[in-house]
Amino acid sequence: MVFDKLKHTTSRAAQVAQIAAAARNVSKATEGGRERAQRALAVLMADARGVPLKVGQFMGSLGKGEVFNDLARGIAPQPIAVIRPAVEAALQAPIESVFSSFDEIGIAASLGQVHKACLHSGEAVAVKVRYPDIVEAIDAEMRLANLIPGLGPVRKWGFDLNGYKQTLLDNMHQELDYRGEMVRQQQFAEHVQLSGLVVPMVFPELSSEGLLVQSWETGVALDEVANWSEAERKHIAVILMCTLFQSLFNYGTIHGDPHLGNYRFRRGDGGKPEVILLDYGCMVPVAPIARSALLKLVLGAIYEDETDPLLCFQAIGFDASKLHPIQAVLPALTSVLTEPFTTPTVFSMKRWQLQERVDVLLGESKWWFRSSGPPNLLLLLRAFHGLMMQMETLQVALPWQQILFRIVGRNTREEASAMELPPLPEDLAAHSMNFRSMARYLKVNVSTNGRQIAAVTMPASQVTVLEELIPEETLVKLATSSLDLDAIKRRACESGIVPQALFEHNDGEKSYRVWLE
């Protein structure tokens, strides 16, 4: 047994070393050679399966390269000669005694693969079987992960590396247990019932720790849906968004693996689009206080009330001692992060510019903010990022706020808004910074000869992209003056975007006055 573990660890160590070298090649590659380097890395990840393939699929879901999306669409399956013994061992019976037909070519994933089969009763089923030796391979990879030191941003900004490793380990063990997945799938189907959402039916009597049998559901991949009519694409996007909101705020457990291979789409009865949600191995529970605090945070940003973001983040699981130094900017940061919800109409993500605006608000402190979050938050963020990537592929924009209010009832919203949050530790107690302490508007007045010729009012958070709101010809004139727009933005952000004068300028022809109110 010890020798076998050592053998697996040594073998996986060689694969991991190859993958690490290929990843370094990607980071060093020039623009012209990056895709080639990414493809080489993806091939190694596909061959290794297990944790490396999971990481590759994760990179695909974060938009890190089209080649990683290919890992989600499918890799070469194991031959039936390798898989048959695992299926029969799980069934404790020959395949032919349970199934009238069994496709020899399967659909491969990171921890197992799926074969279409037919029961003797005539029902078409999907048979998901765990790869032989995958448990030992995962254990070997996790033992190797424990040898990884904290380097770069991990050490500098105090990321909880051990917490991330434990989250990954717990998640992998969860995904390896198909009987547990079967239960989670049944519970999800019971609690998240939405028109147009299809959760495959499981067959408990045929399922075990290494085998999951469920109804076979046909459908096409998301990139094919991109060619459907706009009305159909919007219908699908609404189902996807409602699924996330319902599972998060009402059920309290979300599907944490939103890569392309876990979704199929079809036209159901009457031609209405349906979403088939597959693979319930990675399900992320969100504690009641955390999801209520998240909803309170969103509602506070919507209504610009006295909600203290620091208290909300602490209740969600953030380290308050890390957030305390950037407390002043948290209301403004939250306003940017929740902008899809605070926009009362259709929200276009193309105008969001999230990363750029967070960089302006926090600078290098963005790493401090990220490191303050609990490790399991990564899976929740992944679910939201997956939804945004899906909407981008579908090329649709939706009214997030309206859909949230439709899914999360008035009573739930009122309870979240009124909830008393746990106080800060005594050594962190300070003046509350809430949404009402922020400026509401960014205002620009332009005049000539004392006569106003233009007045513009926009949300205060737009100060983070101030230079994009000023006409090009004006920017050219400002560049020759003593005004430093970057410094002006930085001061506004560091103050927490509170009411203040930003600048006044007269170029000889026109006078400009810009302020936060």
Task: Pair Lys296-Leu299, side chain to side chain contact (heavy atoms under 4.5 Å, CB included): steps then yes or no - done: CA-CA 5 Å; Lys296 182 181 181 73; Leu299 294 171; 5.8 Å; no
- [ ] Evaluate the side chain to side chain contact (heavy atoms under 4.5 Å, CB included) criterion for residues Ser335 and Thr342: first the C-alpha distance (whole Å), next the side-chain angles of each, then the deciding distance (0.1 Å), finally the verdict.
- [x] CA-CA 8 Å; Ser335 294; Thr342 60; over 6 Å; no
Task: Derivation of the side chain to side chain contact (heavy atoms under 4.5 Å, CB included) call for Leu277 and Tyr263 - done: CA-CA 5 Å; Leu277 185 55; Tyr263 293 86; 3.4 Å; yes
Open item on the list: Determine whether Phe245 and Phe341 satisfy the following criterion, ring pair (Phe, Tyr, Trp, His ring centres under 6.0 Å), listing intermediate values before the conclusion.
Closed with: CA-CA 12 Å; Phe245 293 172; Phe341 295 101; 5.6 Å; yes
TODO: Could you walk me through whether Leu212 and Gln185 pass the side chain to side chain contact (heavy atoms under 4.5 Å, CB included) test, one step at a time?
DONE: CA-CA 11 Å; Leu212 177 60; Gln185 187 165 333; 4.0 Å; yes
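Here the options are Gln214, His115, Gln113, Glu181, the test is side chain to side chain donor-acceptor pair (under 3.5 Å), and the partner is Lys128; only Glu181 passes.
Going from atom CG of Leu398 over to atom OG1 of Thr345 covers 12.0 Å, rounded to the nearest 0.5 Å. Atom-to-atom distance recorded for Met391:CE and Trp400:CH2 is 6.0 Å, nearest 0.5 angstrom. Atom NZ of Lys443 is separated from atom OG1 of Thr457 by 4.5 Å, given to the nearest 0.5 angstrom. Put simply, CE on Met388 and CE on Met241 are 9.5 Å apart, with the number rounded to the nearest 0.5 Å. Separating the CG atom in Leu119 from the OG atom in Ser215 is a distance of 10.5 Å, to the nearest 0.5 Å. Of the inter-residue distances, the one linking Arg84 atom CZ with Phe102 atom CZ reads 8.0 Å to the nearest 0.5 angstrom.
Other residues, nucleotides and ligands place more than 12 heavy atoms under 6.0 Å from the CD atom of Gln187. When the shell of 6.0 Å around CD of Glu392 is examined, it contains 12 or fewer heavy atoms from other residues, nucleotides or ligands.
With His255 contributing its side chain and Asp279 its backbone, the two residues share a donor-acceptor pair below 3.5 Å. The closest donor-acceptor contact from the side chain of Gln174 to the backbone of Gly281 lies under 3.5 Å. Checking side-chain atoms of Glu274 against main-chain N and O of Leu197 turns up no donor-acceptor pair under 3.5 Å. The backbone N or O of Ser461 lies less than 3.5 Å from a partner atom in the side chain of Thr464, making a donor-acceptor pair. Judged by distance alone, the side chain of Asp103 and the main-chain N or O of Ile105 form no donor-acceptor pair under 3.5 Å. When atom types are taken as modelled, the side chain of Ser372 and the backbone of Phe369 share a donor-acceptor pair closer than 3.5 angstrom. Although no hydrogens or angles enter the test, the distance criterion places no donor-acceptor pair under 3.5 Å between the side chain of Asp257 and the main chain of Asn262. Looking only at distances, a side-chain donor or acceptor of Ser100 sits under 3.5 Å from a matching main-chain atom of Cys118. The backbone N or O of Leu394 lies less than 3.5 Å from a partner atom in the side chain of Arg233, making a donor-acceptor pair.
Taking the centre of each ring, Tyr280 and Tyr178 stay at or above the 6.0 Å mark. The distance between the ring centers of Trp352 and Phe347 falls below 6.0 angstrom.
Side-chain atoms of Ile239 and Leu194, non-hydrogen and from C-beta on, never get closer than 4.5 Å to each other. Between Lys116 and Val127 the shortest side-chain heavy-atom distance does not fall below 4.5 Å. In this structure the side chain of Leu211 never reaches within 4.5 angstrom of the side chain of Met182, judged on heavy atoms. Taking the side chain as every heavy atom from C-beta outward, His235 and Glu230 never approach each other to under 4.5 Å. For the pair Glu304 and Arg440, the minimum side-chain heavy-atom distance is below 4.5 Å. Leu377 is listed as a side-chain neighbour of Leu381, based on a closest heavy-atom distance under 4.5 Å. Two residues are said to be in side-chain contact when any heavy atoms from C-beta on lie closer than 4.5 Å; Phe384 and Leu248 meet this criterion. Residues Val202 and Val213 are not in side-chain contact: their nearest non-hydrogen atoms beyond the backbone lie 4.5 Å or more apart.
The nearest pair of heavy atoms linking Val286 to Arg291 is O-NH1, 2.9 Å. Closest heavy-atom contact between Ala117 and Phe99: CB-CD2, 3.8 Å. Pairing each heavy atom of Leu379 with each of Ile254, the nearest pair is O-CD1, 4.2 Å. Gly300 and Thr307 make their closest contact through CA-OG1, 3.8 Å (heavy atoms, listed as atom of the first residue, atom of the second, distance). For the residue pair Pro77 and Ala108, the shortest heavy atom distance occurs at CA-CB, 3.6 Å. Taking each heavy atom of Phe265 and Ala221 in turn, the nearest pair found is CD1-C, 4.1 Å.
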Side chains of residues 409-417: which donor-acceptor partners sit under 3.5 Å, not counting sequence neighbours?
unit_1, atom_1, unit_2, atom_2, d
Arg413, NH1, Phe405, O, 3.1
Arg413, NH1, Val408, O, 2.7
Ser417, OG, Arg413, O, 3.2

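Between Arg130 and Glu209 there is a salt bridge, since at least one side-chain N of the basic residue sits less than 4.0 Å from a carboxylate O of the acidic one. A salt bridge does not link Glu217 with Arg264: every distance from a Lys NZ or Arg NE/NH1/NH2 to an Asp or Glu carboxylate oxygen is 4.0 Å or more. A salt bridge does not link Glu224 to Arg267: none of the charged nitrogens lies less than 4.0 Å from a carboxylate oxygen. In this structure, Lys272 does not pair ionically with Glu232, as no charged nitrogen and carboxylate oxygen lie closer than 4.0 Å.
Applying the side chain to side chain donor-acceptor pair (under 3.5 Å) rule to pairs touching residues 190-208 yields nothing, sequence neighbours excluded.
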